[in-house]
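Report on one structure; see the data block that follows.
FYI, side chains are in, hydrogens and waters are out, and symmetry mates aren't considered; it's all heavy atoms of this structure.
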Amino acid sequence: MTDWLLDTNVLISAALSNKGAPHALVQRILSQGCLVFSSATFEELRSRLYRPKFDVYLSLDMREGLLHDFSASARWIEPDHVVPYSRDPSDDVFIATAVKAGLPLLVSGDKDLLEAPLPAGLQVLTPTQALSTRT
């Protein structure tokens with residue numbers, strides 16, 4: 001699989017630390033495949049990345065660089081409609097984007113996504129689980 005949809009928490013974790021499964025997964029994806037975004041999933045990343053709590057970890061230039069690089073190298077998909085699946089309605093756009101892109105996997109550390117009843121053919125994995133899959 002060369003296209004991957006990662007939840008915002010995974011991308012931010014990868015940006016904050018160069019250790020651990022999120023960072024390793026993002027590096028592997030960027031070298032062997034590509035990230036998938038919809039305008040809504042990218043906007044969630046952008047808005048969360050600019051939260052003041054990350055000011056001590058990521059400079060404005062680093063954040064802008066990450067967003068630019070992710071955007072420039074991404075496969076962009078816009079879901080036709082978003083169906084409620086998760087306890088957290090903001091997670092449903094990730095499921096809808098994965099379905100529209102025809103992806104079998106969505107990567108997240110979010111318990112709401114990990115426990116959501118999913119449409120047939122879609123599975124949510126943690127970053128550690130995703131690292132053990134073949135690309």
> Stepwise, does the side chain to side chain contact (heavy atoms under 4.5 Å, CB included) test hold for Thr8 with Thr41?
Replying inline: CA-CA 8 Å; Thr8 300; Thr41 62; 5.9 Å; no

Going by the rule salt bridge (Lys or Arg N to Asp or Glu O under 4.0 Å), which residues pair with [X] if we only count those two or more places apart in sequence or in a different chain?
X     : value
Asp61 : none
Arg75 : Asp3
Asp55 : Arg63
Glu43 : Arg46

> Closest approach of Leu58 and Met62, non-hydrogen atoms and distance?
Replying inline: CD2-CE, 3.6 Å

>> Tell me the closest heavy-atom pair linking Arg87 and Lys111, and the distance in Å.
In response: NH2-O, 3.8 Å

>> Quiz question: by atom type and distance under 3.5 Å, do the side chains of Ser39 and Glu78 form a donor-acceptor pair?
In response: yes

Under the side-chain contact (heavy atoms from CB on, under 4.5 Å) test, which residues partner [X], sequence neighbours left out?
X      : value
Ser73  : Leu30
Ala74  : Phe37, Trp76
Pro84  : Asp92
Leu118 : Ile95, Ala116, Leu122, Val124

Run the side chain to side chain donor-acceptor pair (under 3.5 Å) test against [X] and tell me which residues pass, sequence neighbours left out.
X      : answer
Gln123 : none
Thr126 : Gln129
Gln27  : none

Close side-chain approach of [X] and [Y], heavy atoms under 4.5 Å:
X      : Y     : result
Leu35  : Leu5  : no
Ser90  : Glu44 : yes
Pro119 : Tyr85 : yes
Tyr50  : Glu64 : yes
Ile29  : Leu25 : yes
Phe70  : Leu49 : no

> CZ of Phe54 to CD1 of Ile12: how many Å apart, nearest 0.5 Å?
Replying inline: 4.5 Å

> At what distance, to the nearest 0.5 angstrom, does CZ of Arg48 lie from CG of Asn9?
Replying inline: 9.5 Å

>> I'd like to know whether Thr2 forms a side chain to side chain contact (heavy atoms under 4.5 Å, CB included) with Gln32, so could you lay out the CA-CA distance, the side-chain angles of the two residues, the decisive distance to 0.1 Å, and finally the verdict.
In response: CA-CA 7 Å; Thr2 58; Gln32 299 176 3; over 6 Å; no

Name the atoms and distances for all side-chain donor-acceptor pairs under 3.5 Å in residues 97-110, with sequence neighbours left out.
{"from": "Thr97", "atom 1": "OG1", "to": "Ser38", "atom 2": "OG", "distance (Å)": "3.2"}
{"from": "Thr97", "atom 1": "OG1", "to": "Val93", "atom 2": "O", "distance (Å)": "2.7"}
{"from": "Lys100", "atom 1": "NZ", "to": "Asp80", "atom 2": "OD1", "distance (Å)": "3.1"}
{"from": "Lys100", "atom 1": "NZ", "to": "Asp80", "atom 2": "OD2", "distance (Å)": "3.1"}
{"from": "Ser108", "atom 1": "OG", "to": "Asp7", "atom 2": "OD2", "distance (Å)": "2.8"}
{"from": "Ser108", "atom 1": "OG", "to": "Asp110", "atom 2": "N", "distance (Å)": "2.8"}
{"from": "Asp110", "atom 1": "OD1", "to": "Asp112", "atom 2": "N", "distance (Å)": "2.7"}

